[in-house]
Amino acid sequence: MAKTTELDDIYDTPKRKFGVFGVFKILFYIFVAICVVLSAVLGYYGYQLYKELSPQVHAMIDYHPNEITQVFDSKGRLIANLFDEEYRFYAKYDEIPGRVIEALLAVEDTMFFEHEGVNFDAIARATFKNLISMKYMEGGSTLTQQLVKNMLLTSDRTLNRKVKEFLLSIRAEQVLTKEQILERYLNYIFLGHGYYGIKTAALGYFKKDLDKLTLKEIAMLVGLPKSPVKYDPTRYLKNSLNRANAILKRMYELGWITQAEFNHSIKEIPKVYNQTLTQNKAPYVVDEALRELGDIENLKSGGYKIYLTIDLDYQKIAKEALIKGFENIQFRIMDREQKTREWQKKPKLTEEEIKDLNENSSNTLNGAIVVTNPHTGEVLAMVGGVDHNKSSFNRATQTNRQFGSTMKPFVYQIAFNKGYSPAEIVIDSPKRFGSGGKLWQPNNDTRNFLGPVTMQTALEKSLNIPAIDTALKITESSLYSGLNEMGFDNFPRDLTVVLGSLSLSPMKAAMQYSLFSNYGTIVKPYVVAKIIDPSGRETLFQTTQATFTTPQQAFLITSILRNTVQRGTGYRAKVNGVQVAGKTGTSNQSRDVWFCGYTPDIQAIIWYGRDDNTPIGGGAYGGNVSAPVFADFMTKALEINPGMQRNFIVPNGVYQQQIGKELIYYTDTSRINYEQIEEQERLREIDNVMW
């Protein structure tokens, strides 16, 4: 009989005490206890994970991604696409063609409509292949898992992240339909070149809506998520085509496309466009619209549609005219320098010196143009500088510049409203105001004086002294109160305001000049016509207006400003085939040069100056710099819209009479002092003053 050891006794004791069945029973209890503990731990972990993931699930349900806001002109043409971080057009599931779905599933998740968020067969197959090759060869993620990872999680390769992905994917399939998951996936994905979502990429790469895409184009798009950079067709077209061909082959092998479709698509090489994201055709206008709509939350990422009053045809020719005027100034500066050198008997400017002169000049020289419909207030074109890329500062709206002689018509309008007529005599002779250090002695640009002239002649020739004489006739207090009523503010309360010492922006000038172009009613210009939010709700915008005088009284100024263009300082603004009224303006030392002009249908305000407020140079005046820009623009505008009204309407109650050598318009309230006119004629004959 074998001798037992003490150790054998120890191990044998449970057997003798409980028997074999008893041992298994104990082990079973231990196993159950471990399972209970593990279940509790896993349950607690699951509960904590569920609490953590619940908000994320709701984020998938209430998915509202950033969308592009689009800006259109008055004819519905795209001006710009606006976005903050993600450039996306959202496509509802009904907008997405079946072929897009098939191509996507063929390459990413063939069993998408069969699994419940996680495809365990695909995971096992991918794991086996990766183990055999000893490297990562294939993934087993479903489309749902990809969406969850990209939308809700990170790309960290941790067990915790993978568990979350599994749970969220299963949960997503419980709360969302397959169609909703596909819709979210196809709108969320990044497809290279700054494009988010399938609709955006279709418009960006191919300039097509989804329903217009060819099978090859669809394959190129759905192949992008794997590597948006590697397969970007604007940079690596060959890679993109090869990837698309592989997807087409997969679709053919699945029986989802025919042999004929496969053969045709394999050979196709689609035209790919490399477009800028914003496509902004009127940046100064868009900037101004955003300022006007600044109170709207998420304006650039909320999927709004903004319709402006701008006409892109007018915008284009306005920009061209402004740049042409800018180049004219540069030429004048260079030409004057050449002539100065010639007079000084110095060598002519070399090409390099001319280039440097133009560059130095253009550093501060700039301009602006505002084109409006004076009867509605709609801004038809607006350019706030010659180059938005160099300076986004909008000189049409964001700067106030000295108005110069373009101010004078408002002074005469106040006088006409008080009963004076264009035939009223004012004196053009030297005058002094003040004394000592405050002595002011204004002069005419020509340094000549004409003696007694009519108000019509004084305005037509932009004479300074008669404008001041007119202000004195109506009294300074009436002048200032009248300007306030017209909407002018922050102007100096002295007679320098008559000659344009006050400052205002070209946009404000457009509003003020509508007093004349809109027959006595001042209309505020506006840029935004309407905005449509993503739900389809429209908000309309319109102008505000205020009547200052009657159409008859306002027409008196128009009649004179027509003469200004026909034979006065604004003659370079003449346009064949249409009546033009307008006024030139030049501030002290030619720091600002203006032309404010209008036809029966269109008004345009043109300004040039330097951003540092130094003299422009080159002998620049409103008449030789800004007026030609008006003519250039209006000539092309007539080609665009040959049906526009050509002649000003003379209101009932306006009469005309030949007085001396002038054809004078007047109204029932105009006082014509015939004795004064006869005395003027007598003095002219005696003194032989030139008419």
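Here Lys339 pairs with Asp335 in a salt bridge; the nearest charged N to carboxylate O distance falls below 4.0 Å. The residues Lys473 and Glu424 are annotated as salt-bridged, a charged nitrogen and a carboxylate oxygen being separated by less than 4.0 angstrom. Salt bridge Glu320/Lys636: present, at least one basic N to carboxylate O contact under 4.0 Å. Residues Asp592 and Arg610 are not paired through a salt bridge, judged by the lack of any N-O separation under 4.0 Å between the basic side chain and the carboxylate.
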For the pair Thr599 and Asp601, evaluate side chain to side chain donor-acceptor pair (under 3.5 Å) and give the outcome as yes or no after the intermediate values. CA-CA 5 Å; Thr599 70; Asp601 283 345; over 6 Å; no
Dump the intermediate steps for side chain to side chain donor-acceptor pair (under 3.5 Å) on Gln413 and Asn417, then the final yes or no. CA-CA 6 Å; Gln413 184 68 73; Asn417 288 351; 3.2 Å; yes
Using the rule given for side chain to side chain donor-acceptor pair (under 3.5 Å), can you reason through Ser501 versus Thr496, listing the C-alpha separation, both sets of side-chain angles and the distance that settles it, and then say yes or no? CA-CA 6 Å; Ser501 61; Thr496 63; 2.9 Å; yes
Begin with the C-alpha distance, continue with both residues' side-chain angles, and end with the deciding distance and a verdict on side chain to side chain donor-acceptor pair (under 3.5 Å) for Asn613 and Arg401. CA-CA 9 Å; Asn613 205 32; Arg401 300 299 295 239; 2.9 Å; yes
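In this structure the side chain of Leu483 reaches within 4.5 angstrom of the side chain of Met407, judged on heavy atoms. Thr397 has its side chain within reach of Met382: a pair of non-hydrogen atoms, C-beta onward, lies under 4.5 Å apart. Looking at heavy atoms from C-beta onward, Phe633 lies in side-chain contact with Tyr314 at the 4.5 angstrom threshold. Residues Asn464 and Asp428 form no side-chain contact, since every pair of their non-hydrogen atoms from C-beta on lies 4.5 Å or further apart. Taking 4.5 Å as the limit, some side-chain heavy atom of Ile649 sits within range of a side-chain heavy atom of Tyr519.
The aromatic rings of Phe410 and Tyr513 lie perpendicular to each other, with more than 60° between the two planes, well past the 30° mark. Taking the six-membered ring where tryptophan is involved, the planes of Tyr284 and His388 are perpendicular, since the angle between them exceeds 60° and thus also 30°. In this pair, Phe403 and Phe488 present their aromatic rings tilted. The plane angle is within the 30 to 60° band.
Atom CD in Gln579 sits 11.0 Å away from atom OG in Ser559 (nearest 0.5 Å).
In the model, Lys408 has a side-chain atom that pairs as donor or acceptor with a side-chain atom of Ser405 under 3.5 Å. A donor atom on one side chain and an acceptor atom on the other are not found under 3.5 Å apart for Glu378 and Ser74.
Here the two rings, on Phe595 and Phe630, have centers that are under 6.0 Å apart. Note: Tyr665 and Phe555 meet the aromatic proximity criterion, with ring centroids under 6.0 Å apart.
A 6.0 Å sphere centred on NZ of Lys316 holds no more than 12 heavy atoms belonging to other residues, nucleotides or ligands.
At least one donor-acceptor pair closer than 3.5 Å links the side chain of Gln512 to the backbone N or O of Met486.
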